[in-house]
Amino acid sequence: MPELPEVETVRRGLEPAMQGARIERLELRRPDLRFPFPEGLAQSVAGQKISALGRRAKYLLIHLENGQVLICHLGMSGSFRVEHGDGAETPGQFHIARSRDQKHDHVIFHLRSAGQEPLRVVYNDPRRFGFMLSTSGADLHDHPLLAHLGLEPTGNALSAEALATMFANRSTSLKAALMDQSLISGLGNIYVCEALWRAGLSPRRKASTLVTRAGQPTPRAARLAQAIRAVIAEAIASGGSTLRDHAQTDGSLGYFQHSFSVYDREAVACPRAQCTGTVKRVVQNGRSTFYCPSCQR
DNA sequence: ACTACTCCCTGCCAGC
DNA sequence: TGCTGGCAGGGAGTAG
């Protein structure tokens, strides 16, 4: 499921095909995804050159020469793929899986770069939880979808001190707090479970227990900050290796097979050295949580 | 302000 | 074999 690392991998995978290319035509094959496409979207982007591909949290941002920005979300099942020329497979590039279910190809960017064969970037999304909206670059950070996003879980900004500030007086669970996009933006169910496992913290622990009365981070907060950054950094690196190893991909850019320590591993032995526990599944806030009750406290 | 719940949508899979 | 129901999940919306 596309969380921040997957979206970043998609961004990097699309960049060579899209950056600097001109949109000859935007083909919308239905009126909506999760939300209706903006009025006049196809007309407004036709002929525009793509100046950059960006990302904020789980949002892919397609910046156009005229200042317009397409805000794309992959939802749960969204993926992109790149098709070259007339659709023939191109060795060493993302190739077409002819057998792929094409009825969920909802959006097609028809692109052309100077001196290159035309190509298509196809957005496929069976469950249509994704969406594609448009805003002006000047309004981007005030857009309702982006304005309230919290810290990116990459880099040093996500510190023990930052966690302490977020978690002070929070009575909710660590799991729910980490899933809250207004606190940390970009974590989803998988990486929250993995980060909590790595930090040895129970997802059921109250978020406020990582903060002292004086508002300072406890050692647990430091462990958690470190675990989140490591899990995200490793997942992005893993996505990068998936991109390099595209001989094994089917050409789609959306989400990848990773091996997880606890996620979706109910009843499996905890992989931590010296731990004899078993991974358990519980439901928190309507979502599955996987953790080891033995070493996560 | 904070918390927790429902809903959207389709594909997949276990159980009958 | 074909049906049914549960589950997956991000985020908007809503209610308390």
Side-chain angles (χ1 to χ4, degrees), chain A residues 1-10 29-38 55-61 71-80 97 99-107 123-133 135 142-150 152-153 163 165-196 203-211 232 235 250 252 254-258 260 262-267 279-290:
Chain A
M1 304 60 204
E3 300 182 24
L4 185 155
E6 287 74 28
V7 179
E8 177 59 22
T9 300
V10 168
R29 305 183 68 185
R30 49 176 300 125
D32 57 13
L33 291 169
R34 179 171 171 186
F35 305 123
F37 292 117
R55 179 192 58 75
R56 174 72 172 104
K58 301 171 191 172
Y59 296 92
L60 181 71
L61 305 173
I71 303 174
C72 306
H73 198 290
L74 299 175
M76 157 68 184
S77 59
S79 64
F80 283 95
S99 59
R100 172 179 290 282
D101 179 6
Q102 296 183 349
K103 76 177 172 184
H104 299 301
D105 289 349
H106 303 311
V107 179
Y123 179 69
N124 179 287
D125 189 355
R127 294 183 208 178
R128 304 206 304 274
F129 271 33
F131 50 83
M132 200 170 292
L133 301 173
T135 188
D142 297 323
H143 192 282
L145 290 171
L146 304 182
H148 299 108
L149 291 175
E152 292 268 326
L163 286 185
T165 304
M166 293 172 200
F167 291 172
N169 305 313
R170 294 249 162 205
S171 63
T172 194
S173 65
L174 274 180
K175 171 78 185 308
L178 294 178
M179 294 284 284
D180 186 337
Q181 302 298 300
S182 71
L183 300 177
I184 300 172
S185 63
L187 299 181
N189 207 28
I190 295 171
Y191 294 115
V192 167
C193 291
E194 294 297 303
L196 285 168
R204 311 169 87 158
R205 170 182 281 278
K206 285 196 185 307
S208 59
T209 65
L210 270 55
V211 189
I232 293 299
D250 65 356
S252 70
Y255 44 90
F256 307 99
Q257 294 300 317
H258 296 301
F260 302 116
V262 287
Y263 182 79
D264 203 21
R265 292 175 68 84
E266 184 179 16
V279 176
K280 186 179 175 188
R281 184 181 86 97
V282 295
V283 175
Q284 291 179 287
N285 304 89
R287 297 272 192 274
S288 285
T289 298
F290 298 88

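Chain letters run A, B, ... following the sequence lines, proteins first, then strands; residues in each count from 1. Since the structure is predicted, the reported quantities are computational estimates derived from the model, not experimental observations. Quick note: numbers below take in every heavy atom, side chains included, and nothing from hydrogens, waters or symmetry partners.
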- Message: Less than 3.5 Å apart, any donor N or O on the side chain of A/Asn169 or A/Ser208 sitting next to an acceptor on the other?
- Response: no

- Message: Side-chain N or O of A/Lys175 versus OP1/OP2 of B/dA4: is the shortest distance under 4.0 Å?
- Response: no

- Rounded to whole angstrom units, what separation is found between the CG atom of A/Asp105 and the P atom of B/dT10? 15 Å

- Comparing A/Arg30 with A/Asn169, nearest DNA chain B nucleotide closer to 5' gives the residue A/Asn169

- Query: For A/Arg56 and C/dG10, what is the distance between atoms CZ and C1' respectively, to the nearest whole Å?
  - Reply: 16 Å

- Message: Students often get this wrong, so: under 4.0 angstrom with heavy atoms, is A/Phe131 touching a base, only sugar-phosphate, or nothing?
- Response: nothing

- Task: Can you tell me the distance, in whole Å, between the CG atom of A/Leu174 and the P atom of B/dT3?
- Result: 12 Å

- A/Met76 has an atom CE; how far is it from atom P of B/dG11, in whole Å? 12 Å

- Message: Measure CZ/A/Arg281 against C1'/C/dG6 and give the value in whole Å, please.
- Response: 10 Å

- What orientation do A/Phe35 and A/Phe131 show, parallel under 30°, tilted 30 to 60°, or perpendicular over 60°? tilted

- Item | Evaluation steps, side chain to side chain contact (heavy atoms under 4.5 Å, CB included), between A/Val192 and A/Leu174 | CA-CA 9 Å; A/Val192 167; A/Leu174 274 180; over 6 Å; no

- Message: From CG of A/Asp180 over to P of C/dG11, roughly how many Å is that when rounded to an integer?
- Response: 11 Å

- Rounded to whole Å, CG of A/Leu178 lies from P of B/dA4 at a distance of 14 Å

- Task: Measure the shortest side-chain to side-chain distance between A/Leu60 and A/Leu74 over non-hydrogen atoms and say whether it is less than 4.5 angstrom.
- Result: no

- Query: What is the distance from CD1 of A/Ile184 to P of C/dG10, rounded to the nearest Å?
  - Reply: 15 Å

- Check whether any side-chain nitrogen or oxygen of A/His104 sits under 4.0 Å from OP1 or OP2 of B/dT10, and answer yes or no. no

Would you tabulate the pairs of protein nitrogen or oxygen atoms and nucleotide nitrogen or oxygen atoms of nucleotides 6-9 of chain B closer than 3.5 angstrom?
{"residue": "B/dC9", "atom": "O3'", "partner": "A/Arg128", "partner atom": "NH2", "Å": "3.4"}

- Task: Applying side chain to side chain donor-acceptor pair (under 3.5 Å) between A/Asn189 and each of A/Lys175, A/Gln284, A/Glu194, report the one that passes.
- Result: A/Lys175

- Note on the structure: To the nearest 0.5 Å, atom OH of A/Tyr59 lies from atom CD of A/Gln181 at 7.5 Å

- Query: Does the side chain of A/Ser171 get closer than 4.0 angstrom to OP1 or OP2 of B/dT3 through an N or O atom?
  - Reply: yes

- Message: If the cut-off is 4.0 Å, is A/Ser288 near the phosphate of C/dA8, judged by side-chain N/O to OP1 or OP2?
- Response: yes

- Item | Over 12 foreign heavy atoms within 6.0 Å of CZ, A/Arg204 | no

